[in-house]
S.K.: 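Got a structure for you, questions after.
Chain naming here is simple, since letters A, B, ... match the order of the sequence lines and numbering starts at 1 in each.
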Amino acid sequence: MSNEKNNPAEQTAAEQPRDFIRNIIAEDLASNKNDGRLATRFPPEPNGYLHIGHAKSICLNFGVAAEQGGVCHLRFDDTNPVKEENEFIDAIKADLHWLGFDWGDNEFFASNYFEQLYQWAMQLISAGKAYVDDLSGEEIRQLRGTLSEPGSNSPYRERSVAENLDLFERMRNGEFADGAKVLRAKIDMAAPNMNLRDPVMYRILHAHHHRTGDKWCIYPMYDFAHGQSDSIEKITHSICTLEFADHRPLYDWFIQQLGIFAPHQYEFARLNLGYTVMSKRKLHQLVADKHVCGWDDPRMPTLVGMRRRGYPAQAIRTFCERIGVGKSDSWIDMSVLEDCVREQLNETAPRAMAVINPLKVVLTDYPEGKVEMLDAPIHPQQPEMGRRQIPFSREIYIERDDFMMDPPKKFFRLGPEREVRLRYGYIIKCNEVIRNDAGEVVELRCSHDNATLGAAPQGRKVKGIIHWVSQAHALAVEVRQYDRLFNVASPGTNKDGVDFIDELNPGSRQILTCCYAEPALADATIGTAYQFERLGYYCADCDSDDKKLVFNQTVTLRDSWQKQK
RNA sequence: UGGGGCGUCGCCAAGCGGUAAGGCACCGGAUUUUGAUUCCGGCAUUCCCAGGUUCGAACCCUGGCGCCCCAGCCA
């Protein structure tokens, strides 16, 4: 017993998340299946950027391998040259590393297996299990039948092995035009599972492949490449999303016909997050049609977008752990992700003050030209992070929202004749409100209580505390505030005919160009998170330059006042 | 109406015949120079429905109902 408790490995194992896949793997390992070997893989197609949905799969595959002492391969499923690019390969690898995972030398490409796949196709032809079909795509579709009616055999289905071998070789040699012929598996046109109705194995594509160049003009379909790729790599547990469950019998069929190592496939439910989109097609469209400023737009659910937004990799890993892995279609609320981000950032982010909607305040009883350096912790709960000095002077900016002309009783901030504490500074009282011709409040004249620096006020209670920035020392910055990208929980899947583009939230990005931050923020490096006290977490954006710093709002602080209102 | 998958709190999710974990959200309340954090407390007599088996069922059986996926020479 005591040994168990003292063994950190066992302790963590007990605390590790359990789900049906991890349970299966644990059982397999316990029963010494696959000689106690565990190999998983993350198999992205290099045709776009990774998003938070991929992160779920990544954390599962790499996570379980790490937990159980197995390996997780990175394999690019690059069987469709017309959609894939090297740009995406590099981006995917960078995202994976950023997320905190490493695959060592286990980096593979389905395209590396093209020759083997071709040989296996020949083997199936020789065994009478595959044939070259001259039907057009349209004709194949016609003969496939429907969900409730069986399909019918292609007139080319009974070609001789010799003819098939010859034709397939000539397909490879480039004798035929795109679409002229395909190689199909000979299974069963009446199979209730559509995937088994003589699926296409190879198509002719005179296209340049990002890795194999012009070596091939026939390319295997995903279904003829994926299972065998797993087999070649001796993957023990082939984890994928639910929609591939119907393909499992086909993969198993190929593996069995070929007599090669048989990985087992397990399917889990893909991640759905509210008020955003996860489909690559939609993500591509948002970028291509400039509805966002790129794959790394901070509003995008892509890993590059979230990174730019300031989401820590750890928060994403925590999120993936928290949502679990199951088989029921699930919609996760953004608040779960945001909570993970807050939890992480609250612990690590240095605090700073910044005013994003400035209102000028003049402290009429504070000497002109005087500057005090006020002492404040960098993190109130973590003294070891050190302290910072904040310049204070006669003219400051406060947040417009922290002043109300006619405040309700529960409003603890500033109002005419009211008092409030300046964070880490004095208590001030609003004596005069200056308005412009339009009647808008443009400036406040206040007095300060000299005895309240680091001390409680005498004879009264002042509950409110507001943040501020000294005008003379303020750093002018731009702040970008973000809201959900879409107005509806499930864009593009709602009522008839509504384009998901029309469901974009026009107010998803708000750019505030006239913001002021405490001078220490001048040293902010791109991507590092700060908490702007009382507002939220922010990080410097890559659009920053020598002239102006730009900050992205990562996530707001919880705001029970906002709720109360 | 062919095949595959799924239905446990508003959203996720444990549970695997012995009498409903946990997280998010929500609602209190305490501490607080961030209306933050932290901290306490509340939040499914009930597990899609209906029968049945059993001393005992969310878990087993039967029958319904509902939702998702599949008819790309995409992955």
S.K.: Looking only at atom P, what distance separates B:U1 and B:G22, rounded to whole Å?
M.R.: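 B:U1 and B:G22 have their P atoms separated by 40 Å.
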
S.K.: In whole Å, I'd like the distance from the CZ atom of A:Arg41 to the P atom of B:A75.
M.R.: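 Distance check: A:Arg41 CZ to B:A75 P gives 15 Å.
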
S.K.: If you measure from the C1' atom in B:A50 to the same atom in B:G66, how many Å do you get, rounded?
M.R.: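 That atom pair is separated by 15 Å.
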
S.K.: Looking for any heavy atom pair under 4.0 Å, which part of the strands does A:Arg322 touch: base, sugar-phosphate only, or nothing?
M.R.: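 Here A:Arg322 touches the backbone only, sparing every base.
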
S.K.: Looking only at atom C1', what distance separates B:U8 and B:A14, rounded to whole Å?
M.R.: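 It comes out at 10 Å once rounded to the nearest Å.
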
S.K.: With no hydrogens and no angle check, just 3.5 Å: does a side-chain donor-acceptor pair link A:Glu243 and A:Thr241?
M.R.: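 Yes - a donor-acceptor pair under 3.5 Å links their side chains.
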
S.K.: Using a 4.0 Å heavy-atom cut-off, does A:Ile466 contact any base of the nucleic acid, only the sugar-phosphate backbone, or nothing at all?
M.R.: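 Nothing, no heavy atom under 4.0 Å.
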
S.K.: Whole-Å distance between B:G3 P and A:Glu149 CD?
M.R.: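 A:Glu149 atom CD is separated from B:G3 atom P by 15 Å.
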
S.K.: Under 4.0 Å between any heavy atoms, over every strand shown, what does A:Phe319 touch: base, sugar-phosphate, or nothing? Just pick one.
M.R.: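 Touches nothing.
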
S.K.: Sticking with atom C1', work out how far B:G7 lies from B:C26, rounded to a whole angstrom.
M.R.: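 Roughly 24 Å separates the two C1' atoms.
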
S.K.: Just to be sure I understand the rule, does A:His247 reach a base, reach only the sugar-phosphate, or reach nothing, if contact means heavy atoms closer than 4.0 Å?
M.R.: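 The residue A:His247 makes base contact.
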
S.K.: Start with the C-alpha distance between A:Arg534 and A:Asp401, add both sets of side-chain angles, then the distance that settles salt bridge (Lys or Arg N to Asp or Glu O under 4.0 Å), and finish with yes or no.
M.R.: CA-CA 11 Å; A:Arg534 300 211 314 129; A:Asp401 285 351; over 6 Å; no

S.K.: Answer with yes or no whether A:Glu347 presents, from its side chain, a donor or acceptor under 3.5 Å of a partner atom in the base of B:U37.
M.R.: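 No, no donor-acceptor pair under 3.5 Å.
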
S.K.: Can you label the angle between the A:His284 ring and the A:Phe88 ring as parallel, tilted or perpendicular, going by 30° and 60°?
M.R.: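 The arrangement is perpendicular - the two ring planes meet at more than 60°.
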
S.K.: Consider the side chain of A:Asp77, meaning its heavy atoms from C-beta on, and name the nucleotide among B:A75, B:G2, B:G23 that approaches it most closely.
M.R.: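 Per side-chain heavy atoms of A:Asp77, the pick is B:A75.
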
S.K.: Contact class for A:Thr452 (heavy atom, under 4.0 Å): base, sugar-phosphate, or nothing?
M.R.: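 Base, at least one base atom sits under 4.0 Å.
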
S.K.: For B:C68, does either OP1 or OP2 sit under 4.0 Å from a side-chain N or O belonging to A:Ser328?
M.R.: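 Answer is no, no contact under 4.0 Å.
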
S.K.: Considering heavy-atom distances to RNA chain B, does A:Ala269 or A:Phe244 have its closest nucleotide positioned more toward the 5' end?
M.R.: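 Its nucleotide being nearer the 5' end, the pick is A:Ala269.
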
S.K.: Select base, sugar-phosphate, or nothing to describe what A:Pro380 touches, counting heavy atoms under 4.0 Å on all strands.
M.R.: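 Answer is base: heavy atoms of A:Pro380 come under 4.0 Å of a base.
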
S.K.: How is A:Leu135 classified with respect to the nucleic acid when contacts are heavy atoms under 4.0 Å: base, sugar-phosphate, or nothing?
M.R.: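 Base contact.
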
S.K.: Pick the C1' atom in B:U45 and in B:C61, then give their distance to the nearest Å.
M.R.: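 The same atom, C1', in both gives a distance of 25 Å.
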
S.K.: When the P atoms of B:A58 and B:U37 are considered, how many whole Å apart are they?
M.R.: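 Per the computed distance, 38 Å lies between those P atoms.
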
S.K.: State whether a side-chain donor-acceptor pair under 3.5 Å links A:Tyr113 with A:Glu233.
M.R.: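 A pair is found: one side chain offers a donor N or O, the other an acceptor, under 3.5 Å apart.
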
S.K.: Taking atom C1' in both B:C43 and B:C27, what distance in whole Å separates the two?
M.R.: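 So the two C1' atoms sit 8 Å from each other.
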
S.K.: Using a heavy-atom cut-off of under 4.0 Å over every strand shown, decide if A:Gly454 touches base, sugar-phosphate, or nothing.
M.R.: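 It contacts base atoms.
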
S.K.: Could you give the distance separating B:A57 and B:C47 at their C1' atoms, to the nearest angstrom?
M.R.: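 Each nucleotide's C1' atom is 11 Å from the other's.
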
S.K.: I want to verify a distance call: between B:G35, B:C11, B:G72, whose nearest atom is closest to the A:Met221 side chain?
M.R.: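 Shortest atom-to-atom distance from the side chain points to B:G72.
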
S.K.: Is the distance from OP1 or OP2 of B:G72 to the nearest side-chain N or O of A:Arg141 less than 4.0 Å?
M.R.: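 Yes, such a contact exists.
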
S.K.: Mind checking if A:Lys563 touches a base, just sugar-phosphate, or nothing, with heavy atoms under 4.0 Å?
M.R.: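 Since only primed, P, OP1 and OP2 atoms lie under 4.0 Å of A:Lys563, the category is sugar-phosphate.
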
S.K.: If you measure from the Lys or Arg side-chain nitrogens to the Asp or Glu carboxylate oxygens, is any gap between A:Arg159 and A:Asp134 under 4.0 Å?
M.R.: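 A salt bridge links A:Arg159 with A:Asp134.
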
S.K.: Distance check: side-chain N/O of A:Arg534 vs OP1/OP2 of B:G35, anything under 4.0 Å?
M.R.: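 Yes, because at least one side-chain N or O of A:Arg534 sits under 4.0 Å from OP1 or OP2 of B:G35.
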
S.K.: Give one of base, sugar-phosphate or nothing for A:Ile332, where a contact means two heavy atoms less than 4.0 Å apart.
M.R.: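 Result for A:Ile332 = sugar-phosphate.
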
S.K.: Think A:Arg144 has a side-chain N or O under 4.0 angstrom from the OP1 or OP2 of B:C73?
M.R.: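 Checking A:Arg144 against B:C73: at least one side-chain N or O falls below 4.0 Å of OP1 or OP2.
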
S.K.: Answer yes or no: does a side-chain N or O of A:Lys463 lie under 4.0 Å from OP1 or OP2 of B:U33?
M.R.: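 No, because none of the side-chain N or O atoms of A:Lys463 sits under 4.0 Å from OP1 or OP2 of B:U33.
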
S.K.: Under 4.0 Å, counting only non-hydrogen atoms across every strand here, what does A:Thr79 touch: a base, just sugar-phosphate, or nothing?
M.R.: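 Since only primed, P, OP1 and OP2 atoms lie under 4.0 Å of A:Thr79, the category is sugar-phosphate.
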
S.K.: Measuring from the side chain of A:Asp19 (C-beta onward, heavy atoms only), which nucleotide among B:G35, B:A14, B:U34 has the closest atom?
M.R.: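 When the side chain of A:Asp19 is considered, B:A14 is the closest of B:G35, B:A14, B:U34.
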
S.K.: Go through the N and O atoms of the side chain of A:Arg351 and the base of B:U34, and report whether any donor-acceptor pair is under 3.5 Å.
M.R.: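 Answer yes: a donor N or O sits under 3.5 Å from an acceptor.
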
S.K.: With a 3.5 Å cut-off and just heavy-atom distances, do the side chain of A:Asp559 and the base of B:G35 make a donor-acceptor pair?
M.R.: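 Such a pair does not exist between side chain and base.
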
S.K.: Strictly below 4.0 Å: does A:Arg203 bring a side-chain N or O up to OP1 or OP2 of B:A75?
M.R.: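 Yes.
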
S.K.: Parallel, tilted or perpendicular, judged at 30° and 60°: which one describes the rings of A:Tyr222 and A:Phe244?
M.R.: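 Tilted.
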
S.K.: Which part of the nucleic acid, if any, lies within reach of A:Glu45 when heavy atoms closer than 4.0 Å are counted: base, sugar-phosphate only, or nothing?
M.R.: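 Sugar-phosphate, backbone atoms only, no base.
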
S.K.: What contact category does A:Ala349 fall into here, base, sugar-phosphate, or nothing, at under 4.0 angstrom with non-hydrogen atoms?
M.R.: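 The answer is nothing, as A:Ala349 stays clear of every strand by at least 4.0 Å.
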
S.K.: What I want to check is whether the side chains of A:Ser238 and A:Arg41 have a donor and an acceptor closer together than 3.5 Å.
M.R.: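 Yes.
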
S.K.: Within the 3.5 Å criterion, strictly below it, is a donor on A:Glu518 or A:Tyr530 matched to an acceptor on the partner's side chain?
M.R.: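 No donor-acceptor contact under 3.5 Å links the two side chains.
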
S.K.: Determine the contact category for A:Val182: base if any of its heavy atoms lies under 4.0 Å from a base atom, sugar-phosphate if only primed atoms, P, OP1 or OP2 are that close, otherwise nothing.
M.R.: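 Base contact.
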
S.K.: When you match A:Arg423 and A:Tyr537 each to their closest nucleotide on RNA chain B, which lands nearer the 5' end?
M.R.: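 Result: A:Arg423.
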
